[in-house]
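In what follows, a single structure is set out as structure tokens and then discussed.
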Amino acid sequence: MKFSKAYEPNENEPIIYALWEGENAFAPSGTGQPYSTVMPPPNANGNLHIGHGFEMGLKDILVRYHRMKGFDTIYIPGADHAGFETWVVYERELEKIGQSRFDFSRDQLYGQVWDFVAKQRGNMELQIRALGISCSWQDLVFTLDKKVVDTVYDTFKRMWEDGLIYRGEKIVNYCTEHQTSFADIEVDHQDDKGYLWDIAYPLVDGSGEVVISTTRPETLLGDTAVAVNPKDKRYAKLVGKKVKLPLTDRKIPIIADEHADMTVGTGAVKITPAHDPNDFEVGERHNLPRIQVIGFDGLMVSAAGDSYRGLTAIAARDKVLDDLEKLGLRRGEKAITHSVGHCYKCGSVIEPLPMEQWFVKVKPLAKQAIAAIENGDIKFYPNNKGKVLVGYYKNLRDWNISRQIPWGIPIPMFSKFEEGDNAPEWVFDTRVDQTEIVVNGTTYTRDEDTLDTWFSSGQWPFITTGYLDDETEPEPKEGKNSINRPGQTPDLARFYPNTVMENGIDLLFPWDSRMIMLGLYRTNQVPWKDLYVHGMVLDESGQKMSKSKGNVVSPMEMIAKYGSDAFRMGIIAGRSAGMSQAFSKSNMVAARNFCNKLWNIARFVQDKLEESYQPHDMQLETSADHWIVRQLNAARRSVESNLAAYRFAEASEAVYQTIWNDVADWYVEANKTTFNPDVLAFVLETSLKLAHPFAPFVTEAIWQNLSWTDNLLIKEHWPEKMHFGSEEAKQFESIKQLVTEVRLVTNQLPGNKRYNLLFQSDQLIDTNRSLIKQLAPITEVQDIDVPHGMRLAVSGHAAWLDIDARTLKHHHANLVARLAAVEDEIARLDMRLHNDNYIKKAPGELVEETKHQLTEAKKLLQRLKNELEITESIA
RNA sequence: GGACGAUUAGCUCAGUUGGCUAGAGCGCCACAUUGACGUUGUGGAGGUCAUAGGUUCGAGCCCUAUAUCGUCCACCA
């Protein structure tokens, strides 16, 4: 016997996964309708977190199910170099050994991180295996693979030529700690406490002063104007005059601009074009100079004046305030709470700084994306996320894709330095391994920056499927970083667009939005037909998980403790699209128990059938046979319809309930008296198939242990609809009801006694004597001429429990309560049927059903009354 | 400031176009038991579906307000 008493996940899982991989079971079959999804490239820099486990688990359910359904199925795994994310991790590693990025050249750093990631990535891939993910490993794509970089450069080139990528100086979100800029979406806005200071700027003509309010007095040193609203009558006369900028010797104009809000503060606002995005735009409109007073290291630069140079911005703030105080120019302050941008990694305050960067012009791309969404080209789960995304697109500003870190795909642009004020000339070239290139006799220098990770992962669906391979211009030389993987599946282009994308709600904006835009741009198609977004997995008390709070649940720990299947089933239990929900350990326990239950069903079946069992065509014989086929049919239908609507929890629950409540509790029990080997084997096999997408390891482990099965369960076909006799199934249902009533009554009576079951000319009971004896807590089933004891009223059979008068009397109260409940029900049904509007307006079949229910209830009432009379006659 | 979501059993949550006795897991109570499984079996208790109105023959579900909690977005000096 290969079945241990309890299922041991950790002993079985690695063996089973190796078996699948050895049999190449994850590769697409090449026949059938294509079904595809891709892994959001998990960061190659560390461990999988619970969100990865959840997301991959969901996708794997879809993939395994469709594979069994006969689709040509692929789940393309990925690994992301995760530019900035990895960079942060790597810098920490450097710090540990007392080094920093400045100790190395850019190329050295790139090489080192490459090795670091290569090592880490193996770890991540092992964890994906531990989760049981059936992804096509031979088709794994790393975001720095040659084919990725080629396509990314091709996209870049086209966008450059189409004018969708441009070089521009703007205020960017800059982290002075990490020394790189960020896209708007990477900035973490927090409500911080601060002060709003009122400061007087004296008019040059000596006729008074203008008071402005600011939260950042240190930027005063870079002011180049004061703005008031053109409609503001208070200041109308001052527009065009000049004020003397305190602490400097500069005179700056008072200008009229819509940006100044009359209702805020004094209505006059200082304009610092170099340090505020709004002011930058005001500066553009009014042709104001930009004076940068804070450097990229976060320290004040010489333009701030000698007495401030070298101070941190915060120190400069204090000094500015002190100095203003001495000049008597401070007019008040008040504590406020305002939103301040922080680096989402280190928490430093984001410094808005002017910089030349590469930007993607998003308007035309967003417009296409909006049209596609509104056109219904993508189905969103939950539905409202489509609207949320459209809202996002409508307000999207140009996307900064330059990052000042060495780790990433180098920006393929080279510039020629121009003397004088002329802007440099830029050329596109993919020879990024060189810092200088010569084109037509002119030397060009490489831009040192790398691309935002999302620019490459935003092209993931068509890159991983090689959809554009024919039109991507071949590169002259082999990329040094390519990972060659043997046996890649040929011609994956059929898998684009992907059937479905599924990821966390946190990726809707940074990733999904870009995949749609870039997908439409490059392929004229949406990247996938369905988008399912799941909510966040919160900790057990409903808090967000975070390393700093120390409440992170590791999927690997859960797998070690409960098994991979239990993790997968437990994590999806009770979750619905888009909703963030707390992690529940008890769901995992329940799922673990289910796996053990399944294992033990198999143990029972194998024991019954014995090693020598050979399968034959099956014939349904007993009523239980017909009934269980009906139940399995229903479960199959439920899984199908729920998965079609991405209702994972409901699909999984249908499997759980059917296998536990129907197969184990009734069918297996019924098979303890008589059994039909072929049907028993069929029921087990069908159960395993239904459960396989949800609990792949235990089902395959059982399949491999069964004496009569060969091949792999993962490659088996999904169950087909089976025929059964509905009359026979109903008969079993009827016996089930009788048994349940016997159990209930017996439970309610004192003394834990078993009684004889008596019946009078009841065909069904007569032919199922041994079955009933097996299922119900009774001693014997006896045929009688004259009824006595207690009538089993609810199930409607001519059946009695052979209970003595004393005990029967004890049951009187139960009977009275039962009677009252039935009377209530009759009253309710009666009332409904006396409602003319109900009869007229409700659907006919509903009315019929109500009538039927009333008839049945009245019959039951009669039986209960008879019963009561008998009991009372004893009393 | 804007948008979205949630409020259902002790806890965590389902409840698909409104349909009649609102479900699951865990927990709880009682009982059982040594041959598939104690990671078990049987039975049970527990919900005026946040509140107030409305629409409807019928509302957990639709509409309108209110309250509480949460998330996201945002260039508020």
Side-chain angles (χ1 to χ4, degrees), chain A residues 3 5-7 171 184-185 189 196 212-216 227 259-261 263-266 268-272 276-281 336 338-339 341 352 382 384-385 387-388 391-392 395 397 505-506 508-509 535-536 538 540-542 544 562 566 570 573-576 578-608 641-642 645 647 649-650 653 656-657 664-665 668-669 672 740 743-748 752 776-777 821 824-825 828-829 832 835-843 846-847 849-850 853:
Chain A
F3 288 99
K5 194 170 177 189
Y7 174 60
I171 297 290
D184 292 340
I185 196 160
H189 291 273
L196 190 61
I212 57 88
S213 303
T214 182
T215 54
R216 304 199 55 194
H259 167 64
D261 186 338
T263 64
V264 176
T266 58
V269 59
K270 67 196 268 309
I271 301 296
T272 323
D276 183 284
N278 286 312
D279 293 4
F280 183 89
E281 284 169 16
I336 55 160
H338 60 148
S339 170
N384 70 326
K385 296 303 171 200
K387 280 177 212 133
V388 173
Y392 173 74
N395 298 313
R397 287 146 58 109
I505 183 76
D506 54 329
L508 183 65
F509 295 158
M536 299 290 100
L538 308 173
E540 281 195 280
S541 59
K544 246 184 175 175
Y562 302 108
R575 281 176 197 278
S576 55
M579 297 292 302
S580 292
Q581 273 158 36
F583 169 81
S584 159
K585 208 175 277 178
S586 62
N587 282 342
M588 236 144 269
V589 171
R592 190 237 0 222
N593 295 353
F594 171 75
C595 292
N596 189 55
K597 191 77 185 177
L598 200 48
W599 181 261
N600 275 289
I601 292 169
R603 200 156 91 103
F604 170 84
V605 173
Q606 179 67 74
D607 192 40
K608 273 275 176 195
S641 63
N642 280 315
R647 286 194 292 264
E650 287 85 343
E653 191 170 313
Y656 178 102
Q657 299 292 345
D665 290 348
V668 165
E669 290 304 317
K672 286 177 180 173
T740 305
R743 286 170 177 173
L744 171 64
V745 171
T746 313
N747 237 304
Q748 283 174 344
N752 295 324
D824 280 355
E825 192 190 344
R828 211 173 42 243
L829 293 169
R832 195 176 301 149
N835 180 338
D836 281 350
N837 279 325
Y838 178 71
I839 304 291
K840 266 186 273 175
K841 294 186 181 172
L846 209 58
V847 178
E849 200 187 317
T850 309
Q853 282 172 344

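The chains referred to below are lettered A, B, ... by the order of the sequence lines, with proteins before strands, and numbering in each begins at 1. This structure is a prediction, so every number in the text was calculated from the model and none was measured.
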What residues form a side-chain hydrogen bond (donor to acceptor under 3.5 Å, both in side chains) with K387(A), not counting sequence neighbours?
none

In whole angstroms, how far is the P atom of A36(B) from the CG atom of N600(A)?
10 Å

Residues passing the side-chain hydrogen bond (donor to acceptor under 3.5 Å, both in side chains) test with S586(A), sequence neighbours excluded, are S584(A)

For a quick check of understanding: with a heavy-atom distance under 4.0 Å over all strands, which category does Y656(A) fall into, base, sugar-phosphate or nothing?
sugar-phosphate

Base of A36(B) paired with side chain of E669(A) (donor-acceptor, under 3.5 Å):
yes

Taking only N and O in the side chain of K597(A), is any of them less than 4.0 Å away from OP1 or OP2 of G41(B)?
yes

Side chains of L538(A) and K544(A), heavy atoms from C-beta outward: is any pair under 4.5 Å?
yes

Interatomic distance at P, A3(B) relative to A74(B), whole Å
15 Å

Using only side-chain N and O atoms of H338(A), determine if any of them is under 4.0 Å from OP1 or OP2 of A77(B).
yes

So what does N395(A) hit on the nucleic acid, given a heavy-atom distance under 4.0 Å: a base, only sugar-phosphate, or nothing?
nothing

Mind telling me whether Y392(A) and F509(A) have parallel, tilted or perpendicular rings, with 30° and 60° as the class edges?
parallel

Runs of at least three Watson-Crick or G-U pairs with RNA chain B, cut-off 3.5 Å
B:1-7 with B:67-73, B:10-13 with B:23-26, B:28-32 with B:40-44, B:50-54 with B:62-66

Would you indicate which nucleotide in A36(B), C4(B), G43(B) comes nearest to any side-chain atom of T740(A)?
G43(B)

Among A77(B), U39(B), A74(B), which nucleotide sits nearest the side chain of T214(A)?
A77(B)

Answer with base, sugar-phosphate or nothing: what part of the nucleic acid does L744(A) contact at a heavy-atom distance below 4.0 Å?
sugar-phosphate

How is A664(A) classified with respect to the nucleic acid when contacts are heavy atoms under 4.0 Å: base, sugar-phosphate, or nothing?
base

Is the phosphate of U39(B) approached by R592(A) (side-chain N or O, under 4.0 Å from OP1 or OP2)?
no

Counting side-chain heavy atoms from CB outward, which of A77(B), G25(B), A74(B) is closest to A590(A)?
G25(B)

Mind checking what makes side-chain hydrogen bond (donor to acceptor under 3.5 Å, both in side chains) contact with R832(A), not counting sequence neighbours?
none

Is the shortest heavy-atom distance from the side chain of Q748(A) to the side chain of L744(A) under 4.5 Å?
yes

State, with a plain yes or no, whether a side-chain heavy atom of H259(A) is found less than 4.5 Å away from one of D279(A).
yes

Any side-chain N or O of R828(A) under 4.0 Å from OP1/OP2 of U21(B)?
yes

P atom, C49(B) versus C72(B): distance in rounded Å?
32 Å

Any base atoms under 4.0 Å from L196(A), or only sugar-phosphate, or nothing? Heavy atoms, all strands.
sugar-phosphate

Need one value for R397(A): base, sugar-phosphate or nothing, where a base atom within 4.0 Å counts as base even if backbone is also close, heavy atoms only.
base

Under 4.0 Å between any heavy atoms, over every strand shown, what does A821(A) touch: base, sugar-phosphate, or nothing? Just pick one.
nothing

Closest to side chain of F509(A), choosing from C73(B), U40(B), A77(B):
C73(B)

Pairwise C1' distance, G54(B) and C69(B) [rounded to whole Å]
26 Å

Distance check, C1' atoms only: C63(B) and G27(B), in whole angstrom units.
38 Å

Nearest to the side chain of S339(A), which nucleotide is it out of C72(B), A77(B), A74(B)?
A74(B)

Grab the N/O contacts between the protein and nucleotides 12-14 of chain B below 3.5 Å, and write none if there aren't any.
| unit_1 | atom_1 | unit_2 | atom_2 | d |
| --- | --- | --- | --- | --- |
| C13(B) | OP1 | A582(A) | N | 3.3 |
| C13(B) | O3' | G574(A) | O | 3.4 |
| C13(B) | O3' | Q581(A) | NE2 | 3.2 |
| C13(B) | O2' | G574(A) | O | 2.5 |
| A14(B) | OP1 | S576(A) | OG | 3.1 |
| A14(B) | OP1 | Q581(A) | NE2 | 2.8 |
| A14(B) | O2' | E650(A) | OE2 | 3.0 |

Residues two or more places apart in sequence or in another chain: which of them pass side-chain hydrogen bond (donor to acceptor under 3.5 Å, both in side chains) with D184(A)?
N173(A)

Would you say the side chain of K385(A) lies within less than 4.5 Å of the side chain of I505(A), judging by non-hydrogen atoms?
yes

So what does V605(A) touch, heavy atoms closer than 4.0 Å: a base, only the sugar-phosphate, or nothing?
nothing

So P843(A), base contact, sugar-phosphate only, or nothing? Heavy-atom distance under 4.0 Å.
base

Should V269(A) and I212(A) count as side-chain neighbours, where that means a heavy-atom distance under 4.5 Å?
no

What I'd like to find out is whether the side chain of R828(A) reaches to under 4.5 Å of the side chain of E825(A), using heavy atoms alone.
yes

Between D276(A) and Y7(A), whichever has its closest RNA chain B nucleotide further toward 5' is Y7(A)

Judged by each residue's nearest nucleotide on RNA chain B, which is more toward the 5′ side, F594(A) or N384(A)?
N384(A)

Using only side-chain N and O atoms of K840(A), determine if any of them is under 4.0 Å from OP1 or OP2 of G58(B).
no

To the side chain of K544(A), which of C72(B), G41(B), A74(B) is closest?
C72(B)

Rounded to whole Å, the CG-P distance (N593(A) to C37(B)) equals 15 Å

Please tell me which of the listed nucleotides, G44(B), A77(B), G19(B), lies nearest to the side chain of V269(A)?
A77(B)

Which whole number of Å gives the distance between the C1' atom of A9(B) and that of U48(B)?
14 Å

For a quick test of reading the model: is some side-chain N or O of K5(A) closer than 4.0 Å to OP1 or OP2 of G35(B)?
no

By nearest atom, which of the nucleotides A77(B), G25(B), C37(B) is closest to the D261(A) side chain?
A77(B)

Any donor and acceptor pair, going by atom type alone, linking the side chain of N600(A) with main-chain N or O of N596(A) inside 3.5 Å?
yes

Nearest to side-chain heavy atoms of R832(A), which nucleotide of U21(B), G19(B), C72(B):
U21(B)

Across the strands shown, which category fits E281(A) at heavy-atom distances under 4.0 angstrom: base, sugar-phosphate, nothing?
nothing

On the nucleotide A32(B), are OP1 or OP2 found under 4.0 Å from the side-chain N or O atoms that N747(A) carries?
no

For W599(A) and C37(B), what is the distance between atoms CH2 and P respectively, to the nearest whole Å?
14 Å

Whole angstrom value for the distance that separates C1' of A45(B) from CD of Q748(A):
12 Å

If the test is ring pair (Phe, Tyr, Trp, His ring centres under 6.0 Å), which one of F594(A), W599(A), Y562(A) qualifies with Y7(A)?
W599(A)

